[in-house]
Amino acid sequence: MQINRIPKHAPGYTILDNGHVVRKHSLSWAARGLLGYLLSLPNGAREDVRTLAAKSVEGRATVARALRELEAAGHYVRRTVRDPVTGRVRTVVSVHEVPLADKAVHALPPVPVTPAAGSSGAGKAGSPSLRVRTVRRKEPSVHPVATAPRMTEGWGC
């Protein structure tokens with residue numbers, strides 16, 4: 001996750017802009033609090049609905065609704081990119097203290113693709129990593145029938 005802050009922030013502190021975050025009445029309290037938390041994370045943190053919901057008293061539905069609200073406001077931007085070498089698809093997330101306009105979201109430069117090391121899901125929440133979607137193949141619904149061995153001796157056959 002790429003975190004985009006206003007440059008006046010000091011290390012170890014999260015200073016939030018009153019106009020864009022704290023007093024933005026078009027956002028719900030849940031969305032404002034979630035945005036404040038996301039802006040406090042280090043660059044490269046890995047957070048999703050499941051890990052965010054596990055860290056709060058809110059449920060997944062509330063966290064997902066707040067993220068959709070932040071996405072609609074331009075604070076939370078998700079882009080899907082395909083690795084040209086492996087063909088794998090991943091989602092790149094960026095959080096912005098100052099919201100992006102709709103046209104600015106589409107004008108973002110392409111994300112550099114780095115090959116993933118290790119297996120997906122091996123990292124811990126809050127640590128930098130890549131999310132990779134894999135396609136699972138469906139097993140055939142017809143399984144071969146095992147035949148029982150014929151008994152030819154011992155039972156008088």
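Values below: all heavy atoms of this structure, side chains included; hydrogens, waters and symmetry mates excluded.
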Within-4.5 Å side-chain heavy-atom neighbours: [X] and [Y]:
X     : Y     : answer
Arg50 : Lys55 : no
Arg79 : Thr91 : no
Glu69 : Arg32 : no
Glu71 : Arg78 : yes
Val95 : Leu35 : yes
Leu67 : Leu38 : yes
Leu27 : Leu70 : yes

Nearest atoms (heavy-atom pairs only) where [X] meets [Y]:
X     : Y     : answer
Ser94 : His96 : OG-NE2, 2.9 Å
Ala73 : Pro99 : O-CB, 3.2 Å
Gly59 : Ala53 : C-CB, 4.0 Å
Thr62 : Ala30 : CG2-CB, 4.4 Å

Output the distance between atom [atom1] ([X]) and atom [atom2] ([Y]), rounded to the nearest 0.5 Å.
X     : Y     : atom1 : atom2 : result
Glu47 : Leu34 : CD    : CG    : 9.5 Å
Leu39 : Glu97 : CG    : CD    : 5.5 Å
Thr51 : Arg60 : OG1   : CZ    : 9.5 Å

